[in-house]
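See below for the structure under consideration.
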Amino acid sequence: MKKFLFSPEPIWLNNGIGLIRIVIGIFLVYHGAEIFEAAKMKEYSTWDSFKNSASPATMVYLGKGAEFVSGCLLVLGFLTRVASIVVIGTLGYIAFFIGHGKVWYDDQHPFMFVLFGLLFIFAGPGSWSLDKLLFKRS
């Protein structure tokens with residue numbers, strides 16, 4: 001028990017990262033699936049944050065589409081680092097431009113996705129990923 005709790009050695013590292021990647025991907029798919037709800041998308045495009053945009057509807061559809069596609073890629077563990085860059089860009093924009101950049105209070109939710117995106121860039125996809133199957137070195 002002492003070795004488990006206080007050891008600096010990783011426990012179930014690749015599987016843990018893989019599990020976190022899949023759960024984060026599911027959350028992104030869930031939030032991005034709003035792209036298929038026209039009323040919700042129309043509501044988002046009326047937000048003050050989009051009023052100065054040339055095409056508010058396009059911005060909203062691009063954002064939700066990016067969430068949905070990157071979430072699907074993360075669930076599969078396919079192009080994980082590319083998907084992570086999309087997550088960082090999209091949710092970073094939401095945290096700092098749509099929100100007010102108060103990542104310690106109001107905008108924690110999108111900023112946490114940014115941090116997880118950084119985790120997957122640095123650590124890779126973990127276990128159970130198509131990246132491991134398709135791109136492993138011989």
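These figures come from a predicted structure and were not determined experimentally.
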> Hey, any chance Leu62 and Tyr44 share a hydrophobic cluster, counting ILVMFWY side chains that come within less than 4.5 Å of each other, even indirectly?
Replying inline: no

> Between Phe50 and Trp47, how do the two ring planes meet: parallel, tilted or perpendicular, split at 30° and 60°?
Replying inline: parallel

>> Tell me the closest heavy-atom pair linking Ser45 and Pro56, and the distance in Å.
In response: O-CB, 3.5 Å

> If you group Ile, Leu, Val, Met, Phe, Trp and Tyr by side-chain heavy-atom gaps below 4.5 Å, do Leu79 and Ile17 land in one group?
Replying inline: no

>> Apply side-chain contact (heavy atoms from CB on, under 4.5 Å) to residues Val86 and Leu73 and explain how you reach the verdict.
In response: CA-CA 11 Å; Val86 172; Leu73 291 173; over 6 Å; no

>> Atom CZ of residue position Phe97 - does it have more than 12 heavy atoms of other residues, nucleotides or ligands inside 6.0 Å?
In response: no

> Is it true that atom CE of Met112 has more than 12 heavy atoms of other residues, nucleotides or ligands lying nearer than 6.0 Å?
Replying inline: no

>> Before you tell me yes or no, could you show the steps for Ile88 and Ile121 under side-chain contact (heavy atoms from CB on, under 4.5 Å), namely the whole-Å CA-CA distance, both residues' side-chain angles and the distance that decides it to 0.1 Å?
In response: CA-CA 10 Å; Ile88 291 167; Ile121 285 176; 3.5 Å; yes

> Between Gly77 and Ser129, which heavy-atom pair has the shortest distance, and what is it?
Replying inline: O-CB, 3.5 Å

> Are Trp128 and Leu76 connected in a single hydrophobic cluster, I mean Ile/Leu/Val/Met/Phe/Trp/Tyr linked by side-chain heavy atoms less than 4.5 Å apart?
Replying inline: no

> Should Leu19 and Leu130 be regarded as members of a common hydrophobic cluster, given that ILVMFWY residues are connected when their side-chain heavy atoms come within less than 4.5 Å of each other, either directly or indirectly?
Replying inline: no

> How many angstroms lie between CD1 in Ile94 and OG in Ser49, if you round to the nearest 0.5 Å?
Replying inline: 10.5 Å

> Shared ILVMFWY cluster between Val69 and Phe36, side chains joined below 4.5 angstrom?
Replying inline: no

> Does the pair Trp104 and Lys102 meet the rule for a side-chain contact (heavy atoms from CB on, under 4.5 Å), with working shown?
Replying inline: CA-CA 5 Å; Trp104 62 91; Lys102 295 179 185 175; 3.8 Å; yes

>> How long is the straight-line distance from OG1 of Thr90 back to CD1 of Ile85, given to the nearest 0.5 Å?
In response: 11.5 Å

> What's the spacing between Thr80 OG1 and Leu74 CG if we round to 0.5 Å?
Replying inline: 6.0 Å

>> Is it the case that the side chain of Asp107 and the backbone of Gly99 share a donor-acceptor pair, with hydrogens and angles ignored and the cut-off at 3.5 Å?
In response: no

> Are the side chain of Arg21 and the backbone of Ser127 linked by a donor-acceptor contact shorter than 3.5 Å?
Replying inline: yes

> What are the two closest heavy atoms between Ala123 and Arg81, and how far apart are they?
Replying inline: C-NH2, 4.0 Å

> Within the distance-only criterion (no hydrogens, no angle test), does the side chain of Ser70 pair as donor or acceptor with the backbone N or O of Glu67 below 3.5 angstrom?
Replying inline: yes

>> Restricting to non-hydrogen atoms, name the atom on Gly117 and the atom on Ser84 that form the minimum distance, rounded to 0.1 Å.
In response: O-CB, 3.4 Å

> Got more than 12 heavy atoms from elsewhere within 6.0 Å of CZ, Phe96?
Replying inline: yes

> Of the options Phe113, Phe116, Phe68, which is the one that meets Leu28 in a side-chain contact (heavy atoms from CB on, under 4.5 Å)?
Replying inline: Phe113

>> Parallel, tilted or perpendicular: which one describes the rings of Phe135 and Phe78, with boundaries at 30° and 60°?
In response: parallel

> Does Lys64 use its side chain to pair, donor to acceptor, with the backbone of His31 at less than 3.5 Å?
Replying inline: yes

> Is there a donor-acceptor contact under 3.5 Å from the side chain of Asn14 to the main chain of Gly126?
Replying inline: no

